[in-house]
Amino acid sequence: MQKNTQAISGSEKNTSQSVLIAKLFPGYIKEIVATETEREQVSNDFSLEALNILRCSFEVESICGAKITVVGKLEAEFPQHCVVTNAIIKQKINNIFKIVFLPQVESSKEGLSMSHTDLAGEDFVYYEGEHLPLWETLLEQFALEIPAYPRVDDKETFSLISKNSASEEDCKASPFAALKNFPFKSK
């Protein structure tokens, strides 16, 4: 089986961050590596302090008519603030995902419909035209992997903030545990 690998920098937006469907075959690999400018834009869009690494490798697993199954390997590194301590956490994402690309078809026009059993348990993305939207898929998968409530997993840091207010176990269980012993004034 022939393999084709393409390394992409994101500056050639429409053509390099998508792939022409007619050129696809099982085993085809395309890698997208975000440029510095793109990483800055994505970090602004997702309210991140910075985005040090953002890349994804896509490999075509199968092609069945217009249904194209792709396995992606997403890698990202970025700093995030802990919701409990506000300390900076160096986040690393290494995620493997599978996406099924389906053509955007108007069912009334084509007389086609798709049952839920056809796509049971699969993530899918609709595409229009002759290109798969790989950049958009990369961004969607990245957004899904960003921790919504990042927490420091460092016992020393938790010990410092929980002195005389709550136990270390309470702080790990809830960021509001330190309020347990706070002297609230009654009305």
Side-chain angles (χ1 to χ4, degrees), residues 1-48 50-80 90-150:
M1 177 187 325
Q2 181 185 10
K3 289 206 176 207
N4 183 17
T5 304
Q6 288 184 321
I8 302 301
S9 77
S11 58
E12 313 148 16
K13 203 91 167 150
N14 293 334
T15 56
S16 69
Q17 293 187 356
S18 63
V19 65
L20 188 61
I21 294 168
K23 292 185 175 184
L24 295 180
F25 53 88
Y28 180 93
I29 297 172
K30 183 157 186 169
E31 185 172 340
I32 295 177
V33 179
T35 64
E36 184 177 343
T37 305
E38 290 170 332
R39 290 193 318 268
E40 286 174 11
Q41 181 63 47
V42 172
S43 67
N44 288 336
D45 291 347
F46 289 103
S47 300
L48 298 172
L51 183 55
N52 305 325
I53 295 173
L54 180 60
R55 68 176 144 241
C56 190
S57 175
F58 294 92
E59 181 173 358
V60 176
E61 186 177 79
S62 67
I63 301 173
C64 182
K67 178 181 171 182
I68 302 165
T69 305
V70 175
V71 175
K73 295 176 185 172
L74 174 67
E75 183 182 350
E77 283 186 16
F78 55 97
Q80 230 179 351
K90 185 177 179 182
Q91 299 287 9
K92 289 185 180 186
I93 295 174
N94 288 305
N95 184 41
I96 296 175
F97 59 91
K98 185 184 280 190
I99 295 286
V100 176
F101 288 96
L102 300 168
Q104 184 74 39
V105 177
E106 294 180 34
S107 58
S108 61
K109 198 186 249 186
E110 299 291 328
L112 299 174
S113 67
M114 192 168 302
S115 71
H116 292 288
T117 56
D118 292 340
L119 298 172
E122 295 180 324
D123 291 331
F124 59 93
V125 173
Y126 290 109
Y127 65 89
E128 291 181 351
E130 300 174 346
H131 290 84
L132 293 184
L134 298 182
W135 177 251
E136 291 81 4
T137 304
L138 179 156
L139 292 178
E140 180 180 284
Q141 293 300 313
F142 176 62
L144 291 170
E145 292 297 319
I146 297 173
Y149 301 102

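We're numbering straight along the sequence, starting at 1.
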- Query: Should we say atom CD of E130 is surrounded by more than 12 heavy atoms from elsewhere, each under 6.0 Å from it?
  - Reply: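 At most 12 heavy atoms, drawn from other residues, nucleotides or ligands, come within 6.0 Å of this atom.
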Value rounded to 0.5 Å, distance of [atom1] in [X] from [atom2] in [Y]:
X: L24; Y: H131; atom1: CG; atom2: NE2; result: 10.0 Å
X: E75; Y: N95; atom1: CD; atom2: CG; result: 11.5 Å
X: E77; Y: K90; atom1: CD; atom2: NZ; result: 5.0 Å
X: K30; Y: Q17; atom1: NZ; atom2: CD; result: 8.5 Å
X: E145; Y: I93; atom1: CD; atom2: CD1; result: 6.0 Å
X: T69; Y: D123; atom1: OG1; atom2: CG; result: 11.5 Å

- Can you name the side chain to side chain contact (heavy atoms under 4.5 Å, CB included) partners of Q41, sequence neighbours left out?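 D45.
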- Message: Under the rule for side chain to side chain contact (heavy atoms under 4.5 Å, CB included), what residues qualify as partners of P79, not counting sequence neighbours?
- Response: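 By the side chain to side chain contact (heavy atoms under 4.5 Å, CB included) rule, P79 matches E49, A50, N52, I88.
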- Task: For E40, enumerate each residue passing the salt bridge (charged side-chain N to carboxylate O under 4.0 Å, His left out) test, keeping only those at least two apart in sequence or located in another chain.
- Result: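 Expected list: none.
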- Query: Are the aromatic rings of F142 and F46 close, with centres under 6.0 Å apart?
  - Reply: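 Yes, the ring centres sit under 6.0 Å apart.
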[X] side-chain N/O to [Y] backbone N/O, donor-acceptor pair under 3.5 Å:
X: R39; Y: A34; value: yes
X: K67; Y: S62; value: no
X: Q80; Y: P150; value: no

- Determine whether I32 and L54 make a side-chain contact, defined as any pair of heavy atoms from C-beta on separated by less than 4.5 Å.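 Contact flag for I32/L54 side chains = no.
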- Task: Determine whether Q141 and I99 make a side-chain contact, defined as any pair of heavy atoms from C-beta on separated by less than 4.5 Å.
- Result: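 Side-chain contact under 4.5 Å: yes.
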- Candidate pair I68 and Y127, rule side-chain contact (heavy atoms from CB on, under 4.5 Å), full reasoning: CA-CA 10 Å; I68 302 165; Y127 65 89; 4.2 Å; yes
Non-hydrogen atoms of [X] and [Y] that approach each other most closely:
X: I21; Y: G129; answer: CD1-O, 4.0 Å
X: S57; Y: I29; answer: OG-CG2, 3.7 Å
X: Y28; Y: K23; answer: CD1-O, 4.0 Å
X: V60; Y: I63; answer: CG1-CG1, 3.8 Å

- Query: What do the steps show when you test F97 against L144 for side-chain contact (heavy atoms from CB on, under 4.5 Å), and what is the final call?
  - Reply: CA-CA 11 Å; F97 59 91; L144 291 170; over 6 Å; no
- Item | side-chain contact (heavy atoms from CB on, under 4.5 Å) evaluation trace for F58 with T137 | CA-CA 10 Å; F58 294 92; T137 304; 4.2 Å; yes
- Query: Taking it one step at a time, do L48 and Q91 satisfy side-chain contact (heavy atoms from CB on, under 4.5 Å)?
  - Reply: CA-CA 11 Å; L48 298 172; Q91 299 287 9; over 6 Å; no
